[in-house]
Amino acid sequence: RRVLFRSSCKDALETLGADLKSRQGVVSASDWSTAHEQNERNGGLIFGTPGLLSMMFVVAALASVSSAFVFLSLVLSQRKRELAIFSQRIEINQRKQTELLLNAITDISSSLLEIQNLDEIARLVIDRIVKHFDFEDCVICEVNKDAKSLTQIAAKGPKEDVAYHVKNPLTLQFGQGIVGTVAESGNSILLNDVRSDSRYFVDDAERCSELTVPIILNGKVIGIIDSENHDLGFYTDRDRQNLEAVASVIAIKFHAAQLRSEKENVQEELRKSLDEKTVLLSEVHHRVKNNLAIISGLLHLQSDDLNHPELLEIMLEMSNRIQSIAEVHELLYNSDSFADITFEDYTQNLFRTISSTIQKTNRVKLNLDIDYDLKININQAIPLGLILNELVTNSFKYAFDMVPEPMINFSLRLLDGRVIGEYSDNGPGFSSDYIANPKSLGFTVINALFTQLEADLHYDFDKVYPLIFNFEYYQQIYS
């Protein structure tokens with residue numbers, strides 16, 4: 001640069017010397033050159049011409065500045081082109097990222113339409129996250145009912161067992177580790193180096209970076225999406241935004257599946273509880289029936305040692321009464337419902353028991369007209385069974401001695417919320433005075449039991465032994 005500058009100055013001196021020769025008293029332009037070279041060697045000014053030398057320096061400086069401006073102009077133009085290309089690349093990358101997110105959300109949303117199960121939802125979301133965002137692994141946690149802890153329910157990566165099931169699933173308390181901290185605060189955490197964060201702990205394998213975002217609905221954290229990677233600084237703020245967008249999209253579906261899962265769990269607990277109570281109640285009816293059968297059997301055994309006809313008759317009647325109660329529990333034990341019995345079956349069984357106990361020369365015919373679907377609950381079935389036992393026993397004992405073809409008629413129907421019954425036989429009947437002032441234990445028991453049923457009772461003495469009654473029908477057990 002120094003040589004070039006000296007040459008420029010020399011050329012300028014020669015030009016200026018030729019132009020100013022006569023006015024400055026210098027003999028020739030070469031004298032300027034000679035003077036300039038001597039001045040350079042001596043490091044001084046040209047004697048007698050200091051103003052001229054300053055002008056030459058200005059001319060040289062202006063030439064250098066002009067060259068610098070040209071160079072800077074070229075550099076700025078190049079930088080503008082580079083910035084335009086860079087901006088275009090950024091815009092293209094942003095469009096690609098936006099398109100990537102939209103594709104992921106569309107894929108997840110459409111795939112979740114037909115899925116209702118919470119575990120299946122979590123597994124599908126994990127699969128799509130890893131697929132679309134090129135993550136190394138992913139885990140989804142569900143906040144438990146206590147709202148103080150959360151449990152891993154699906155995984156992809158080292159935590160995966162089979163088909164996104166979690167191997168050794170962890171249950172974390174709120175505030176425990178990175179995941180617990182996000183669950184407690186409701187804010188996402190992006191760590192480019194987990195080694196510098198004391199909250200990080202190794203679950204299945206040690207990683208270097210972690211991204212954790214909450215699944216939030218109505219301001220409440222209901223789940224967590226967590227991803228880790230072996231590379232330092234793997235996740236970007238764009239990854240955080242993408243994962244938060246996915247969490248927002250699945251929140252409603254995730255919560256609906258949680259509610260459905262809770263409902264199914266409650267139903268399963270109720271079913272198990274009901275099964276246990278069913279077994280228990282079945283055992284109770286079975287034991288009651290057995291105990292009553294034992295009592296009835298003891299009365300029969302005792303009656304074998306009796307020689308007094310009246311005492312024998314009393315013992316057999318007591319045994320039949322007990323057996324009529326035992327029959328209700330037997331039917332309840334063998335039925336699908338422990339609340340009520342089909343009364344037609346009960347009537348036939350009771351009739352067979354009484355006919356086998358009280359022998360008659362002529363076989364008694366039983367005519368039944370009972371609604372086939374009429375079920376009587378246990379609190380009404382036992383008193384009604386005892387009433388029927390007393391009526392049938394009375395007919396067998398007193399109505400058929402002089403009747404060649406004995407017959408019993410019994411009907412039971414449901415009409416307008418009331419049970420309507422009618423009992424009769426083809427025996428000689430009895431007077432109204434006897435009904436008004438019963439002298440036997442049987443009719444005393446009948447009247448007491450009808451009172452218990454709050455029944456309307458009517459005897460039609462225009463017919464043979466007609467008994468008509470009705471009482472309010474209850475489908476549920478009442479006390």
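Residues: numbered from 1 along the sequence shown.
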Between the main-chain N or O of [Y] and the side-chain N or O of [X], is there a donor-acceptor pair closer than 3.5 Å?
X	Y	result
Gln380	Glu472	yes
Ser185	Asn187	yes
Lys253	Ile115	yes
Asp239	Thr236	yes
Ser273	Glu269	no
Ser261	Ala257	no
Glu136	His230	yes
Asn377	Tyr474	yes
Asn144	Asp146	no
Asp371	Leu374	no

Is any side-chain heavy atom of [X] less than 4.5 Å from a side-chain heavy atom of [Y]?
X	Y	answer
Leu350	Asn389	yes
Ile189	Arg199	yes
Ile121	Ile250	no
Leu453	Leu449	no
Ile376	Tyr473	yes
Glu120	Leu124	no
Tyr423	Leu388	yes
Phe201	Leu172	yes

Check step by step if salt bridge (charged side-chain N to carboxylate O under 4.0 Å, His left out) holds for Asp193 and Arg195. CA-CA 5 Å; Asp193 187 356; Arg195 296 170 300 180; 2.9 Å; yes
Before giving the answer on side-chain contact (heavy atoms from CB on, under 4.5 Å), spell out for Val419 and Asn470 the whole-Å C-alpha distance, their side-chain angles and the decisive distance to 0.1 Å. CA-CA 5 Å; Val419 177; Asn470 69 85; over 6 Å; no
Hey, mind stepping through Arg260 and Glu264 against salt bridge (charged side-chain N to carboxylate O under 4.0 Å, His left out) and telling me if it holds? CA-CA 6 Å; Arg260 187 175 291 103; Glu264 290 174 354; 5.5 Å; no
Leu102 atom CG: more than 12 heavy-atom contacts under 6.0 Å: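 Buried by this count: over 12 neighbours within 6.0 Å.
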Can you tell me if Glu114 has over 12 outside heavy atoms packed within less than 6.0 Å of its CD?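 Open.
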Indicate the ring-plane relationship of Phe343 and Tyr346, choosing parallel, tilted or perpendicular according to the 30° and 60° boundaries.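 Ring orientation, 0 to 90° scale: tilted.
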Residues Arg418 and Asp416 bridged, charged N to O under 4.0 Å: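 Asp416 and Arg418: not salt-bridged.
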Is Asp137 paired with Arg207 through a side-chain N to carboxylate O contact shorter than 4.0 Å?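 Salt bridge between Arg207 and Asp137, a charged N being under 4.0 Å from a carboxylate O: yes.
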Check whether the side chains of [X] and [Y] place a donor and an acceptor atom closer than 3.5 Å, and report yes or no.
X	Y	answer
Asp237	Gln241	yes
Asn103	His132	no
Ser188	Glu244	yes
Thr353	Asn349	no
Glu160	His165	no
Gln152	Lys159	yes
Thr171	Thr151	yes
Glu228	Tyr200	yes

How would you list, by chain and number, every residue that makes a side-chain hydrogen bond (donor to acceptor under 3.5 Å, both in side chains) with Thr347, sequence neighbours excluded?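 In terms of side-chain hydrogen bond (donor to acceptor under 3.5 Å, both in side chains), with neighbours along the sequence ignored, Thr347 is linked to no residue.
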Could you give me the CA-CA distance, side-chain angles and deciding distance for Lys156 and Asp127, then say whether salt bridge (charged side-chain N to carboxylate O under 4.0 Å, His left out) is met? CA-CA 7 Å; Lys156 177 67 176 177; Asp127 176 76; 5.7 Å; no
Do you know which two heavy atoms are closest between [X] and [Y], and how far apart they sit?
X	Y	answer
Leu150	Val143	CB-CA, 3.9 Å
Lys145	Glu262	CG-OE2, 3.9 Å
Asp231	Asn229	N-OD1, 2.9 Å
Ala122	Ile140	O-CD1, 3.6 Å
Ala155	Val139	CB-CG2, 4.0 Å
Leu414	Gly417	CD1-C, 4.2 Å

Salt bridge (Lys or Arg N to Asp or Glu O under 4.0 Å) against Asp369, all qualifying residues, sequence neighbours excluded: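 Asp369: salt bridge (Lys or Arg N to Asp or Glu O under 4.0 Å) contacts with Arg413.
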Salt bridge (Lys or Arg N to Asp or Glu O under 4.0 Å) involving Arg271 - partner list, sequence neighbours excluded: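 Scan of Arg271 (salt bridge (Lys or Arg N to Asp or Glu O under 4.0 Å), adjacent residues dropped) gives Glu268, Asp275.
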Mind running side-chain contact (heavy atoms from CB on, under 4.5 Å) on Phe254 and Val249 for me, showing each step along the way? CA-CA 9 Å; Phe254 193 87; Val249 167; over 6 Å; no
Yes or no on side-chain hydrogen bond (donor to acceptor under 3.5 Å, both in side chains) for Thr451 and Asn447, after CA distance, side-chain angles and deciding distance? CA-CA 6 Å; Thr451 301; Asn447 290 333; over 6 Å; no
Dump the intermediate steps for side-chain contact (heavy atoms from CB on, under 4.5 Å) on Glu210 and Thr212, then the final yes or no. CA-CA 7 Å; Glu210 183 172 5; Thr212 309; 3.4 Å; yes
Please report whether the ring centroid of Phe135 lies less than 6.0 Å from that of Tyr235.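 Yes: the rings meet the under 6.0 Å criterion.
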